[in-house]
There are 2 protein chains.
Amino acid sequence: MAVSLAEIRESHAAAFSAACPTRVVLDHVMSKWGILVLLTLGDGTARWGELRRGIDGISEKMLATTLKTLEGDGLVQRTSYPEVPPRVEYALTALGHDLMLRLGPLMEWIAVHADQMVGTAASD
Amino acid sequence: MAVSLAEIRESHAAAFSAACPTRVVLDHVMSKWGILVLLTLGDGTARWGELRRGIDGISEKMLATTLKTLEGDGLVQRTSYPEVPPRVEYALTALGHDLMLRLGPLMEWIAVHADQMVGTAASD
DNA sequence: CAGAATCCCCTATGATACTG
DNA sequence: CAGTATCATAGGGGATTCTG
């Protein structure tokens, strides 16, 4: 194997201190809806309604909160058009896009192995 | 660019349905402490006390809960030695190790970009 | 259509004390 | 040392209603 876990861990040692901003970002990105929103936005742009309908089970409140958080982190960009039927579009920023690239393989792995994990679905 | 976000999203479409086990695993792995514990275990084996001291800010309860969850998911293996001074060692399973390999690059990216994100540290 | 504001519930998270 | 049990709390998260 080429990648040493010890190396990985060492390089992220900072994350183990409670004050590290990594902790915060981790909490935002890894939050229940964070990833789903980011993933949905991966397409390019999405409108509020699209996001709400696209992410099964998300409430308006959580969508709003999550979007604000991600926007505050500079991962998502919000653009509102001053039209009569209000239209707002959300899109990934360059930073967000970059992050998604790292998230992709992980999501893939999880999707593949999710049903292997015992804790998720009772085998009995 | 070689990787299309649309492709990424498409391949994880299942994650958007609330019932998908991916959601559960996501919640476990991406939970506040999940990653930290997995990361700490990356070294090989760690004892209860080591984990508790190694992860800044985690409470006993949360450590216990997180460990059980991850153990239930088959990501972590618990081994207790029937000695007089109780000794228990936790280690990543093959599955957990595999997961960590995917988590590494992500953690790295986050660690590097964390301070770029506005929402994490007040500039004022 | 987009979202802000409210009310409410439940679970995640914590601090502490207790036990094998 | 390695947990478990208990109690308490904050905030995540949901449903509903209201406004621009």
Side-chain angles (χ1 to χ4, degrees), chain A residues 15-20 23-38 40-41 45-73 76-91 119-120, chain B residues 16-19 23-38 40-41 45-73 76-91 119-120:
Chain A
F16 290 97
S17 56
C20 182
R23 282 279 190 93
V24 182
V25 177
L26 220 47
D27 269 21
H28 290 182
V29 175
M30 316 309 247
S31 74
K32 184 181 180 74
W33 305 111
I35 293 189
L36 283 320
V37 170
L38 288 175
T40 306
L41 287 178
T45 46
R47 301 182 52 173
W48 168 273
E50 291 183 284
L51 289 171
R52 190 159 76 103
R53 283 186 297 275
I55 304 173
D56 190 30
I58 196 170
S59 68
E60 299 191 339
K61 181 180 181 180
M62 279 305 99
L63 180 54
T65 303
T66 305
L67 282 172
K68 278 183 189 169
T69 301
L70 296 178
E71 196 190 344
D73 287 341
V76 168
Q77 185 189 10
R78 188 192 115 116
T79 313
S80 74
Y81 299 85
E83 304 174 353
V84 176
R87 189 172 110 241
V88 179
E89 291 192 336
Y90 293 90
T120 61
Chain B
F16 290 98
S17 55
R23 282 280 189 92
V24 182
V25 177
L26 220 48
D27 269 21
H28 290 182
V29 175
M30 318 309 246
S31 75
K32 186 181 180 74
W33 304 111
I35 294 189
L36 283 319
V37 170
L38 288 175
T40 305
L41 288 178
T45 46
R47 301 182 51 172
W48 168 272
E50 291 183 285
L51 289 172
R52 190 157 77 105
R53 283 186 297 275
I55 304 173
D56 189 31
I58 197 170
S59 68
E60 298 191 339
K61 181 176 183 179
M62 279 305 99
L63 180 55
T65 303
T66 304
L67 281 173
K68 277 183 189 169
T69 301
L70 295 178
E71 196 190 345
D73 287 341
V76 167
Q77 186 188 10
R78 189 194 114 117
T79 312
S80 73
Y81 299 85
E83 305 175 351
V84 176
R87 189 171 111 242
V88 178
E89 291 192 336
Y90 293 90
T120 61

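The figures here come from the full heavy-atom set of this structure, side chains too, leaving out hydrogens, waters and symmetry mates.
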Minimum heavy-atom distance between A:Val29 and A:Ile35, given as atom pair plus value: O-CG1, 3.0 Å
Is the CZ atom of B:Arg87 crowded by more than 12 outside heavy atoms at less than 6.0 Å? yes
Quick check: closest heavy atoms across B:Gly34 and B:Leu70, and the distance to 0.1 Å? O-CD1, 4.0 Å
Strictly under 3.5 Å: I want the nitrogen or oxygen pairs between protein and nucleotides 14-17 of chain C, one per line.
residue, atom, partner, partner atom, Å
C:dG14, OP2, B:Trp33, NE1, 3.3
C:dG14, O6, B:Lys61, NZ, 2.2
C:dA17, N6, B:Glu60, OE1, 3.4

Value for OH (B:Tyr90) from CG (B:Leu67), rounded to nearest 0.5 Å, stands at 5.0 Å
Base, sugar-phosphate or nothing for A:Tyr90? Non-hydrogen atoms, less than 4.0 Å. sugar-phosphate
On DNA chain D, check which nucleotide each of B:Arg53 and B:Ala64 is closest to and give me the residue with the more 5' one. B:Arg53
Let me check I have this right: for DNA chain C, each base becomes ., (, ), [, ] or |, based on Watson-Crick or G-U pairs with both distances under 3.5 Å. What is the full string? ||||||||||||||||||||
Considering all heavy atoms of both residues, which atom of B:Glu89 and which atom of B:Tyr81 are nearest to each other, and what is their separation? OE1-OH, 3.4 Å
Between C:dA2 atom P and A:Leu63 atom CG, what is the distance in whole Å? 10 Å
In whole angstrom, what separates B:Glu89's CD from D:dC1's C1'? 13 Å
Counting only side-chain N and O atoms of A:Lys68, is one of them less than 4.0 Å from OP1 or OP2 of C:dA4? yes
Interatomic distance, A:Glu83 CD vs C:dC1 P [rounded to whole Å]: 14 Å
Whole-Å distance, A:Arg23 CZ to C:dT13 C1', equals 13 Å
If you check the A:Arg47 side chain, which of C:dA4, C:dA2, D:dC1 turns out closest? C:dA2
What is the separation between atom CZ on A:Arg78 and atom C1' on C:dA2, rounded to the nearest whole Å? 8 Å
What one should report as the nearest heavy-atom pair of B:Ala91 and B:Leu41 is N-CD2, 4.3 Å
Do A:Glu50 and A:Thr40 have side-chain heavy atoms sitting under 4.5 Å apart? no
Between A:Ser80 and A:Val88, the two heavy atoms sitting closest are CB-CG2, 3.8 Å
Rounded to the nearest angstrom, tell me the gap between atom CZ in B:Arg52 and atom P in D:dG3. 11 Å
Whichever of A:Pro86 and B:Pro85 has its nearest DNA chain D nucleotide further upstream toward 5': B:Pro85
Interatomic distance, B:Trp48 CH2 vs C:dG20 P [rounded to whole Å]: 17 Å
When every non-hydrogen atom of A:Glu60 is compared with those of A:Trp48, the smallest separation belongs to O-CH2, 3.7 Å
